[in-house]
Amino acid sequence: MVMNVNSGITLNTSESGARLVETLNYMDGRYKNDIARDAQQGLTALQKYIPCKYFYDAHGSKLFEYICRLPEYYPTRTELSILREIAPELMGTFAHKDLVELGSGASLKIRVLLNAAGESNRTTLRYIPVDISESAVIEASKDLLEQYPELQVLGVVADFTCQLDVLPTERPLMFCFLGSTIGNMGGDESMSFLQTVSKNMRLDDRLLVGFDMVKSRETMEAAYNDSKGVTAEFNKNVLNVLNSELKANFDLSHFDHLAFFNEAESRIEMYLRANRDVLVKLESLDMEVEFKKGETIHTENSKKFTKKSIEDMVKPAGLSIQNWYSDPDGWFSLVLMGLNHLDALRCSPQIAGCGTSRYL
Ligand code: SAH
Ligand code: AVI
């Protein structure tokens, strides 16, 4: 059932066994405006671009789950191996609190933390998955309630770059931002994102962020050029999203997937490259876009971090690092942060505007 609870907010309720799955959607009505604005800006820029948050319609979210299981895509299994090690320490006494996951996707990793919490703590805590993809939030919430009938779950469909103010803050909480999704933001965007999170935190709240670290070019590039072509399909799916949301007529076979490590920027860059001259119509925008053969659309950055680049980002956000966890090869880091006490005394809550994530 879908109900309007306020202007721009809808409540979706569905059933999972004996439990009701409640999802608050703050993107209804707004997604179409955002994608229209972002496509208009991105496809008329000198270097054409599309923000990567538009990868994740229902099909894109499924493709990302598939990517996570690929042998070349090391981040998921590496981060999971660290989470398994640290979960008892993080969750042993985690009770009567909210566990907020930003960019929760299929909520697979959070199960490691929920398992470590144990059934008695789980009955007192609430899990709040936050994602721009409604299908991902609803499906994940249903699955979780089946696996953990004692858990409280409140799904939230929102853009985490600018809608953190919609989150409940009445209980102590831990924010989790896993998967190195922070690496998909631009440098300024990730900095202001961390500032916004810290301004929404109280002294006893925690933030756990996953960072993919710099390693050999070969390993990093293989992760974004898998042999089954799933990443290529994921990349091209953004054109399907434009086709359905903006009545565009992109032919996916006219574009090739391109991904490589840009060492100067320390990031994997993903593009779609036209393999012929192409003219595309976007009916909803009353717009035509021309591509010369070889011209690219920049679709994603995936920053690879060093200890220093992480520290340089965390400190100005008013956060302090409480614990640093890595795998033995140093391929991935999970960093536990809290408010820097002195900064916290000086700060007052403030919400940043929605990022449109320009790439260059
Ligand atoms: N945390 C999961 C999923 C990572 S994929 C993991 O580690 O495996 C990135 C997720 O972030 C997707 O589910 C996508 O829908 C979501 N996402 C991307 N940009 C977003 C935004 N601006 N606001 C909210 N969710 C976003
Ligand atoms: C979600 N995010 C951290 C993934 C990444 O590795 O940057 C998205 C992705 N893009 C291609 N493969 C995976």
Side-chain angles (χ1 to χ4, degrees), residues 16 19-24 26 79-80 82-131 137 140-158 160 163-179 181-182 193-194 196-210 314 317-325 334-341 343-344 347 349 351:
S16 171
R19 300 285 306 275
L20 267 192
V21 180
E22 289 194 336
T23 304
L24 284 170
Y26 294 86
E79 186 179 32
L80 271 172
I82 306 168
L83 269 178
R84 282 188 201 105
E85 288 276 317
I86 68 175
E89 177 187 329
L90 286 180
M91 302 302 290
T93 56
F94 196 91
H96 301 284
K97 293 184 182 176
D98 286 340
L99 186 59
V100 179
E101 186 178 11
L102 305 173
S104 46
S107 297
L108 294 176
K109 291 172 184 164
I110 212 71
R111 286 159 209 248
V112 175
L113 298 186
L114 292 172
N115 288 341
E119 190 171 339
S120 72
N121 283 348
R122 276 200 304 272
T123 55
T124 72
L125 65 86
R126 178 170 58 168
Y127 173 57
I128 306 180
V130 182
D131 205 285
V137 172
S141 303
K142 280 186 181 169
D143 290 350
L144 281 169
L145 284 175
E146 260 169 43
Q147 188 174 349
Y148 308 104
E150 67 283 2
L151 189 67
Q152 298 299 312
V153 177
L154 173 67
V156 174
V157 181
F160 56 56
Q163 292 183 302
L164 290 181
D165 56 330
V166 305
L167 296 174
T169 51
E170 68 268 18
R171 301 211 298 179
L173 50 83
M174 176 155 78
F175 287 104
C176 294
F177 194 33
L178 304 176
T181 302
I182 193 166
F193 168 79
L194 287 180
T196 310
V197 176
S198 90
K199 284 171 182 159
N200 280 276
M201 283 168 68
R202 302 210 189 113
L203 275 178
D204 49 357
D205 293 343
R206 294 291 173 268
L207 167 65
L208 180 70
V209 185
V314 163
L319 294 163
S320 69
I321 295 179
Q322 303 199 324
N323 247 318
W324 192 292
Y325 310 97
L334 274 163
V335 181
L336 185 68
M337 301 170 223
L339 280 186
N340 180 333
H341 288 224
D343 288 350
C347 284
I351 307 298

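These figures come from a predicted structure and were not determined experimentally. Quick note: numbers below take in every heavy atom, side chains included, and nothing from hydrogens, waters or symmetry partners.
Residues Arg19 and Leu151 come closest through the heavy atom pair NH2-O, 2.9 Å. The shortest non-hydrogen separation linking Asp131 to Ser104 is OD2-N, 3.2 Å. Nearest heavy atom pair, residue Cys176 against residue Ile110, reads SG-CD1, 4.2 Å. Across every non-hydrogen atom of Tyr127 and Leu144, the tightest pair is CE2-CD1, 3.2 Å. Residue Leu167 comes nearest to Leu102 through the heavy atom pair CD1-CD2, 4.3 Å, listed as atom of the first residue, atom of the second, then distance. Annotation for Val166 and Ala158: closest pair CG2-CB, 4.4 Å, computed over non-hydrogen atoms.
Aromatic ring pairs are classed by plane angle as parallel below 30°, tilted from 30° to 60° and perpendicular above 60°; the pair Phe160 and Phe177 is perpendicular.
A donor-acceptor pair under 3.5 Å is formed between the side chain of Ser198 and the backbone N or O of Ala317. Looking only at distances, a side-chain donor or acceptor of Arg122 sits under 3.5 Å from a matching main-chain atom of Leu114. Remark: the backbone N or O of Met201 is not paired with any side-chain donor or acceptor of Asp205 at under 3.5 angstrom. Here the side chain of Asn200 pairs no donor or acceptor atom with the backbone of Asp165 at under 3.5 angstrom.
Dense packing is recorded around CD of Gln147, with more than 12 heavy atoms of other residues, nucleotides or ligands lying under 6.0 Å away.
In this structure, the side chains of Val156 and Gln163 stay at 4.5 Å or more apart for every pair of heavy atoms. At a threshold of 4.5 Å between non-hydrogen side-chain atoms, the residues Met174 and Leu336 count as touching. For the pair Val21/Val153, no side-chain contact is recorded, criterion being any heavy-atom separation below 4.5 Å from C-beta on. At least one side-chain heavy atom of Leu113 sits less than 4.5 Å from a side-chain heavy atom of Leu83.
Taken to the nearest 0.5 Å, the CZ atom of Phe94 stands 7.5 Å off from the CG atom of Leu173. Here the NZ atom belonging to Lys142 is positioned 11.0 Å from the CG atom belonging to Leu20, to the nearest 0.5 angstrom. Atom CZ of residue Arg126 and atom CG of residue Leu99 lie 11.0 Å apart, to the nearest 0.5 angstrom. Between atom CD1 of residue Ile128 and atom CG of residue Leu154 there is a gap of 5.5 Å, rounded to the nearest 0.5 Å. Put simply, CG on Leu207 and CZ on Phe175 are 7.5 Å apart, with the number rounded to the nearest 0.5 Å. Taking CD of Gln322 as the start and CG of Asn340 as the end, the distance is 10.0 Å to the nearest 0.5 Å.
Checking each of Thr123, Asn115, Asp143 against Tyr148 for a side chain to side chain donor-acceptor pair (under 3.5 Å) leaves exactly one that passes, namely Asn115.
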- Task: Dump the intermediate steps for side chain to side chain contact (heavy atoms under 4.5 Å, CB included) on Leu164 and Lys199, then the final yes or no.
- Result: CA-CA 10 Å; Leu164 290 181; Lys199 284 171 182 159; over 6 Å; no
- prompt: How far apart are the C-alpha atoms of Leu334 and Val209, what are their side-chain angles, what is the distance that settles it, and do they pass the side chain to side chain contact (heavy atoms under 4.5 Å, CB included) test?
  reply: CA-CA 6 Å; Leu334 274 163; Val209 185; over 6 Å; no
With side chain to side chain contact (heavy atoms under 4.5 Å, CB included) as the criterion, how do Arg202 and Thr169 come out once you've worked through the C-alpha distance, each side chain's angles and the decisive distance to 0.1 Å? CA-CA 9 Å; Arg202 302 210 189 113; Thr169 51; 4.0 Å; yes
Review point. Stepwise, does the side chain to side chain contact (heavy atoms under 4.5 Å, CB included) test hold for Leu208 with Arg206?
Key: CA-CA 7 Å; Leu208 180 70; Arg206 294 291 173 268; over 6 Å; no
